[in-house]
A.B. asks: 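Have a look at this one.
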Amino acid sequence: MPRRIFVTTALPYANGPFHIGHIMEYIQADIWVRFQRMQGQQVHFVCADDAHGAPIMLKAEAEGISPQQLVARVAADRPRYLQGFHLSFDHWHSTDSPENTRLSQDIYARLKAAGLIYRKSVEQFFDPLKGMFLPDRYVKGECPNCHSPDQYGDACEVCGTVYAPTDLIDPYSALTGAKPLLKASEHLFFRLSDPRCVAFLEDWLGTPGRLQPQVVNKAREWLAGSGAQALADWDISRDAPYFGIPIPDAPGKYFYVWLDAPIGYLAALESYFESGKAAANGEPRSFEQFLAAPDTEQIHFIGKDIIYFHTLFWPAMLRFAGPPYRVPAHVYVHGFITVSGAKMSKSRGTGLSPLRYLEIGMDAEWLRYFLAARLNGSVEDLDFNPDDFVARVNSDLIGKYVNIASRAASFITRSFNGELKFSGDTRELVRAAGDTAALVQKSYENREFGRAMRDIMAFADRINQEFDARKPWVLAREQSRAGELQDVCSRALYGFKLLSVLLTPVLPAVSGRVARGLFGLDRGFVWSDAQVLPDRINPYEHLMTRVDPRQLDALFDSGVPGAPAANAAAATPAAATAAAATAAAASGNTVLSIDEFRRIELRVARIVRAETIDGADKLLKLTLDLGTETRTVFAGIKSAYDPASLTGRLTVVVANLAPRKMKFGVSEGMVLAASGEGQGPFLLSADAGATPGMRIT
RNA sequence: GGAAAGGUAGCUCAGCCGGUUAGAGCACGGCACUCAUAAUGCCGGGGUCGAGGGUUCGAGUCCCUCCCUUUCCA
């Protein structure tokens with residue numbers, strides 16, 4: 001009887017493209033899911049875009065489109081990533097869907113019937129110009145602790161103090177700059193502090209094997225908190241205008257996005273069932289039957305930043321909503337990914353753009369393997385180090401693993417017409433393979449992928465050692481020892497088959513080529529193939545290429561489509577080193593392809609206005625006419641130019657540079673100027689006849 | 001401020017309930033080999049296991065203090 005597993009990854013917020021953190025989580029879950037499927041377990045792997053909330057509403061408004069349009073645009077981009085990284089989701093949905101509306105309203109009604117919902121008046125900042133209540137992040141002001149200006153309403157980025165928006169000195173609305181008013185409004189609350197919830201959560205958290213110990217500790221801390229740290233009830237409503245799901249019995253109020261986001265897991269599952277894909281995947285029951293069945297395992301993969309929601313609110317909501325809803329069997333938490341030791345954040349992005357990774361032709365399976373080698377079952381962070389990436393992939397995957405097939409297959413093809421033959425008793429061989437498979441199986445199950453990869457590579461080492469010891473290239477010279485040669489190579493190729501089976505969850509594409517191409521199967525590998533001796537092979541075809549370190553330079557290049565936020569992080573060490581590396585490469589012999597050059601959008605611009613800025617020694621504020629639009633650009637040319645002399649002249653601007661927030665405002669491009677040692681800058685200009693907006697090619 | 005995780009060779013990490021001379025991969029040096037899209041094998045250098053104290057016959061492994069890093073605080 002196979003396990004019936006419903007797996008999700010955290011829902012990505014639909015206001016932008018995936019970053020490397022998303023991809024890491026999906027790869028982790030995908031490896032686990034593929035491993036389960038290979039064992040014959042029934043897995044339903046779904047996810048969805050988290051579409052609601054004020055940030056999306058406001059972003060859409062700023063772009064002059066509806067939130068639905070914004071979400072649809074982001075969603076349209078998802079498949080490139082999902083397919084590109086071999087992520088085998090069975091279904092991808094959205095929280096802005098009829099299923100989610102129905103489920104959210106249903107769960108709310110049940111919680112209300114259980115006496116866990118109440119109303120309370122809340123005083124909150126209100127933007128009088130915009131006519132809306134302001135989320136904490138949209139109130140800014142001076143930090144009450146260190147007096148840094150322009151800090152967000154929840155915490156100070158300079159000194160780290162956490163506070164309420166009302167603690168800010170001289171608060172203002174980040175939307176309009178208006179002084180916000182304190183205004184009262186009735187909000188709906190979920191009574192998490194109810195003794196029933198607390199008792200249930202104690203029990204749920206304490207179930208052995210359900211959660212990682214560190215996660216239980218963290219959740220218990222919140223649960224057992226007293227005084228200022230006491231477990232608080234949860235404010236689940238927001239007032240209009242809000243992009244979300246309306247609360248049925250509270251006109252003008254919507255569910256807070258974090259209420260309907262996890263319910264989106266179920267909405268995605270329901271949509272998956274409705275689409276018929278579940279049935280195609282071997283599940284004949286209805287969505288509700290499946291959900292309610294006691295043997296259904298509901299498993300969530302999440303990052304450590306959202307433990308609170310997934311280990312307290314979410315199980316409590318499900319438990320007290322009652323059947324068919326069931327509590328999660330496991331919530332598996334992973335840490336963050338850093339790039340060259342620099343932390344990344346959702347708002348700033350990171351130096352490593354997944355889309356860029358794919359666009360420059362890097363192999364998705366390199367990244368899958370690298371991450372697998374680093375991932376374990378704990379919540380520790382993991383670092384993406386370019387040098388290590390190259391070493392790991394080239395040494396393990398190419399040098400050890402792929403090389404086995406490459407070196408052994410040629411003998412078999414040349415001398416034995418593809419036929420494998422083992423001398424002597426093969427039971428010991430198969431048994432040893434079974435032992436290794438069992439070891440690796442346990443590690444995969446526990447998400448100890450790093451350990452699994454170590455054990456797999458240790459096995460690869462043994463194959464290479466044995467191959468070396470028996471010197472098949474010497475045997476090949478002696479006709480009389482053909483049997484021995486065939487045995488050596490057959491054993492190596494069986495070992496290669498075993499390795500391929502064990503690596504299938506991590507390297508699905510390579511594994512597929514090995515199964516179908518080399519071993520001539522009409523299907524991909526399943527786990528039990530580990531203990532089946534192959535009897536023949538097809539001629540070896542190249543399976544995987546090495547990483548060229550120069551690709552890493554290209555990866556960390558800036559000005560990347562698909563990573564609009566990344567450039568803003570230029571102040572971080574990672575970006576700085578990457579930029580330095582790029583600069584170093586540029587001054588060397590690095591050659592730019594024409595495609596790479598075309599990515600840089602150079603245009604002619606007319607300087608409409610040039611102004612000095614109070615407090616800036618080097619910068620001038622330029623207002624540029626680009627033909628179809630006007631832009632503000634800050635240029636460090638004050639030392640060489642009098643603002644008045646610039647007005648009206650033509651120059652060249654990098655038009656697709658990511659906007660960069662500077663001390664004096666946002667710079668929307670870069671004007672080009674030459675400079676040498678102690679000389680310059682000298683602004684570039686265009687000859688007569690050029691007009692603003694012309695593209696430079 | 002409160003809390004959590006972690007500090008082991010140049011790098012990335014293994015070291016379970018304390019037990020012989022602290023391990024692996026990568027990198028580095030040397031040798032061997034030539035079957036493999038320069039891939040492999042063997043040998044070697046290199047660590048007072050963050051610091052100090054304690055428990056113990058014995059501690060990287062347990063306890064205390066301190067230092068450092070990272071993260072979380074709805």
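Proteins get letters first, then strands, A, B, ... in listed order; numbering begins at 1 in each.
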A.B. asks: For A/His334 and B/rC72, what is the distance between atoms NE2 and P respectively, to the nearest whole Å?
C.D. replies: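 Whole-Å distance recorded here is 13 Å.
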A.B. asks: Rounded to whole angstrom units, what separation is found between the CG atom of A/Asp305 and the P atom of B/rU71?
C.D. replies: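 To the nearest whole Å, that distance equals 12 Å.
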A.B. asks: Indicate yes or no: does A/Lys304 engage A/Asp381 in a salt bridge with an N to O separation below 4.0 Å.
C.D. replies: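 So A/Lys304 pairs with A/Asp381 through a salt bridge.
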A.B. asks: Verify the contact: side-chain N or O of A/Gln465 to OP1 or OP2 of B/rU40, cut-off strictly under 4.0 Å; return yes or no.
C.D. replies: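 No.
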A.B. asks: Quick one: is A/Ser395 getting a side-chain N or O under 4.0 Å of the B/rC26 phosphate, OP1 or OP2?
C.D. replies: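 Answer is yes, contact under 4.0 Å.
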A.B. asks: Atom CG of A/Asp396 to atom C1' of B/rU40: distance rounded to whole Å?
C.D. replies: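 A/Asp396 atom CG is separated from B/rU40 atom C1' by 14 Å.
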A.B. asks: With a 4.5 Å cut-off on side-chain heavy atoms, are A/Trp366 and A/Met544 touching?
C.D. replies: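 SC-SC contact between A/Met544 and A/Trp366 confirmed.
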A.B. asks: Just checking A/His300 against A/Tyr332, ring centres under 6.0 Å apart?
C.D. replies: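 Ring-ring flag for A/His300/A/Tyr332: false, centres at least 6.0 Å apart.
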A.B. asks: With heavy atoms under 4.0 Å as the rule, sort A/Phe309 into base, sugar-phosphate or nothing.
C.D. replies: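 Contact class for A/Phe309: none.
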A.B. asks: Rounded to whole Å, please give me the gap between CD1 in A/Ile306 and P in B/rC72.
C.D. replies: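 Rounded to whole Å, this separation is 13 Å.
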A.B. asks: Roughly how far apart, to the nearest Å, are B/rG50 and B/rU61 at atom C1'?
C.D. replies: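 Pairwise C1' distance, B/rG50 against B/rU61, rounds to 16 Å.
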A.B. asks: Hey, what do you get for CD1 (A/Ile169) to SG (A/Cys143), rounding to the nearest 0.5 Å?
C.D. replies: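 One gets 7.5 Å once the value is rounded to the nearest 0.5 Å.
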A.B. asks: Could you check A/Glu541 against A/Arg462 and say which one's nearest nucleotide on RNA chain B is further toward the 5' end?
C.D. replies: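 Per heavy-atom nearest nucleotide, the more 5' residue is A/Glu541.
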A.B. asks: Could you list, one pair per line, each protein nitrogen or oxygen that sits under 3.5 Å from a nitrogen or oxygen of nucleotides 8-16 of chain B, together with the distance?
C.D. replies:
from, atom 1, to, atom 2, distance (Å)
B/rC11, O2', A/Asp388, OD1, 3.4
B/rU12, O2', A/Arg374, NE, 2.9
B/rU12, O2', A/Arg374, NH2, 3.3
B/rG15, OP1, A/Arg451, NH2, 2.8

A.B. asks: Taking for each residue the nucleotide of RNA chain B with the nearest heavy atom, is it A/Tyr308 or A/Leu543 whose nucleotide lies nearer the 5' end?
C.D. replies: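 The residue mapped nearer the 5' terminus is A/Leu543.
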A.B. asks: Please measure how far the C1' atom in B/rA27 lies from the corresponding atom in B/rA9, and state the result in whole Å.
C.D. replies: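 Those two atoms are separated by 11 Å.
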A.B. asks: May I ask you to say whether A/Asp239 pairs ionically with A/Lys253, meaning some side-chain N is under 4.0 Å from a carboxylate O?
C.D. replies: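 Yes, A/Asp239 and A/Lys253 are salt-bridged.
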A.B. asks: Between B/rA5, B/rU71, B/rC26, spot the one nearest the side chain of A/Lys400, thanks.
C.D. replies: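 Given the options B/rA5, B/rU71, B/rC26, the side chain of A/Lys400 is closest to B/rC26.
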A.B. asks: B/rG52 and B/rC67: how far apart are their C1' atoms, nearest whole angstrom?
C.D. replies: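 One C1' to the other, the span is 10 Å.
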A.B. asks: Using atom P in both nucleotides, what's the gap between B/rG15 and B/rG23 to the nearest angstrom?
C.D. replies: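 B/rG15 and B/rG23 have their P atoms separated by 15 Å.
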A.B. asks: With heavy-atom distances below 4.5 Å as the criterion, would you say the side chains of A/Gln124 and A/His187 are in contact?
C.D. replies: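 When only atoms from C-beta onward are counted, A/His187 and A/Gln124 do touch, with a gap below 4.5 Å.
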A.B. asks: Nearest of B/rC35, B/rC72, B/rC26 to any side-chain atom of A/Lys218?
C.D. replies: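 Nucleotide nearest to A/Lys218's side chain: B/rC72.
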A.B. asks: Measure CD/A/Gln212 against C1'/B/rA5 and give the value in whole Å, please.
C.D. replies: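 Atom CD in A/Gln212 sits about 12 Å away from atom C1' in B/rA5.
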A.B. asks: Using the C1' atom as the point on both nucleotides, what is the distance between B/rG10 and B/rU56, in whole Å?
C.D. replies: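 The answer is 36 Å between these two C1' atoms.
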A.B. asks: In whole Å, I'd like the distance from the CG atom of A/Leu312 to the C1' atom of B/rC72.
C.D. replies: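 One finds 14 Å between C1' of B/rC72 and CG of A/Leu312, rounded.
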A.B. asks: Any Lys/Arg nitrogen of A/Arg220 or A/Glu202 sitting under 4.0 Å from an Asp/Glu carboxylate oxygen of the other?
C.D. replies: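 Counted as a salt bridge, because a side-chain N and a carboxylate O are separated by less than 4.0 Å.
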A.B. asks: What interatomic distance, in whole Å, is found between P of B/rG54 and the corresponding atom of B/rC17?
C.D. replies: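 To the nearest whole Å, 25 Å.
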A.B. asks: Would A/Phe389 and A/Phe384 count as a close aromatic pair, with their ring centres under 6.0 Å?
C.D. replies: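 Ring centroids of A/Phe389 and A/Phe384 are less than 6.0 Å from each other.
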A.B. asks: Can you tell me how far P in B/rU40 sits from the matching atom in B/rG25, rounded to whole Å?
C.D. replies: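 After rounding to an integer number of Å, I get 12 Å for this pair.
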A.B. asks: Applying the ring-ring contact (aromatic ring centres under 6.0 Å, His included) criterion to A/Phe309, which one of A/Trp258, A/Trp314, A/Tyr265 satisfies it?
C.D. replies: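 Between A/Phe309 and the candidates, ring-ring contact (aromatic ring centres under 6.0 Å, His included) is satisfied uniquely by A/Trp258.
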A.B. asks: Do A/Tyr26 and A/Phe18 make the cut of ring centroids closer than 6.0 angstrom?
C.D. replies: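 That pair passes the under 6.0 Å test.
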A.B. asks: Between A/Arg392 and A/Phe370, is NZ or CZ placed under 6.0 angstrom from the six-membered ring centre and within 45° of the ring axis?
C.D. replies: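 Not flagged: A/Arg392 not positioned over aromatic ring of A/Phe370.
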A.B. asks: For B/rC66 and B/rG2, measure between their P atoms and round to the nearest Å.
C.D. replies: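 Pairwise P distance, B/rC66 against B/rG2, rounds to 11 Å.
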A.B. asks: Rounded to the Å, how far apart are A/Asn403 CG and B/rA36 P?
C.D. replies: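 So the two atoms are 10 Å apart, to the nearest Å.
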A.B. asks: Please list every stem that involves RNA chain B, where a stem is a run of 3 or more consecutive Watson-Crick or G-U wobble pairs with both pairing distances under 3.5 Å.
C.D. replies: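 Result, WC/G-U stems under 3.5 Å: B:1-7 with B:67-73, B:10-13 with B:23-26, B:28-32 with B:40-44, B:50-54 with B:62-66.
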A.B. asks: Please test A/Phe255 against A/Tyr108 for ring pair (Phe, Tyr, Trp, His ring centres under 6.0 Å), starting from the C-alpha separation and ending with a verdict.
C.D. replies: CA-CA 9 Å; A/Phe255 290 123; A/Tyr108 167 75; 5.2 Å; yes
A.B. asks: Regarding A/Asp468 and A/Arg407, does a basic nitrogen lie under 4.0 Å from an acidic carboxylate oxygen?
C.D. replies: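 Here A/Asp468 pairs with A/Arg407 in a salt bridge, since their nearest N and O are under 4.0 Å apart.
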A.B. asks: Return the value, rounded to whole Å, for the distance between atom CZ of A/Phe496 and atom C1' of B/rA36.
C.D. replies: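 Taking CZ of A/Phe496 and C1' of B/rA36, I get 12 Å after rounding.
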A.B. asks: Kindly give the atom pairs (protein nitrogen or oxygen, nucleotide nitrogen or oxygen) under 3.5 Å for nucleotides 30-34 of chain B.
C.D. replies:
from, atom 1, to, atom 2, distance (Å)
B/rC33, O2', A/Trp473, NE1, 3.4

